Amino acid sequence: MLLHSIDTLAPAIVEVFTDRSTGNRSLISKVSFSAGDPISSFYWSHVYPSPTYLTIQLGEEEHISLLPSCLACVNHSCHPNAFFDIDQKQLVCIRPISCGEEILFFYPSSEWSMDQPFTCLCKSPHCLHTIAGAKYLTPVEQKRYRFTSFIQKKLASVYGLTS
Ligand SMILES: [Zn+2]
């Protein structure tokens, strides 16, 4: 399996699209991926004690800014096609992505209680509307998503172990 590194392959694999009217950035795939494919490895240089709207949660009071920095442009969807696997340090594809499609992840997959909750407009049939972190998901909603090891532990501590 080929693991792409965006550091060197960015122009071939992804591009950052900036919406001129809103200034919002998004990460667009320039190739197709199948579920299970790694999209990029990632790493971090600092661990911060509190979250911002750009960080990914590693643990209690442990939040990172992703590198390569273009990964901060991966936006939220309630019907995500990618997942930040922190144990493997890989952004992985979780459902097929075509060339030209935006790469999207589910913010609560890595965030327990978000710094800046927002109203989602993703238009997915299962859109949760208010995105505030995994802490606020119902057990039914939790079953639809994959979560980082840290969030799985938090959910288990609150809701009990689910299989
Ligand atoms: Zn949504």
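Just so you know, ligand 1 is whichever comes first in the structure, and atom 1 is the first atom listed for that ligand. Please read these numbers as outputs of a predicted model, since none were measured by experiment.
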Going by atom types only, do Thr130 and Tyr136 share a side-chain donor-acceptor pair under 3.5 Å?
no
For a 4.5 angstrom cut-off between non-hydrogen side-chain atoms, does Pro38 reach Phe33?
no
Can the ring centroids of Phe105 and His76 be said to lie less than 6.0 angstrom from one another?
no
Output field for angle at the Zn ion (ligand 1), Cys120.SG vs Cys78.SG, rounded to 10°, should show 110°
Mind checking whether the Zn ion (ligand 1) has an N, O or S of His126 under 2.8 Å?
no
So, is Cys127 placed with an N/O/S atom under 2.8 Å from the Zn ion (ligand 1), counting both backbone and side chain?
yes
Does His129 bring an N, O or S atom to under 2.8 Å of the Zn ion (ligand 1)?
no
NZ/NE/NH1/NH2 to OD/OE distance under 4.0 Å, Lys154 and Glu60
yes
Please determine if the Zn ion (ligand 1) has an N/O/S atom from His76 lying under 2.8 Å away.
no
Is it true that Glu101 and Ser98 share a donor-acceptor pair across their side chains at a distance under 3.5 Å?
yes
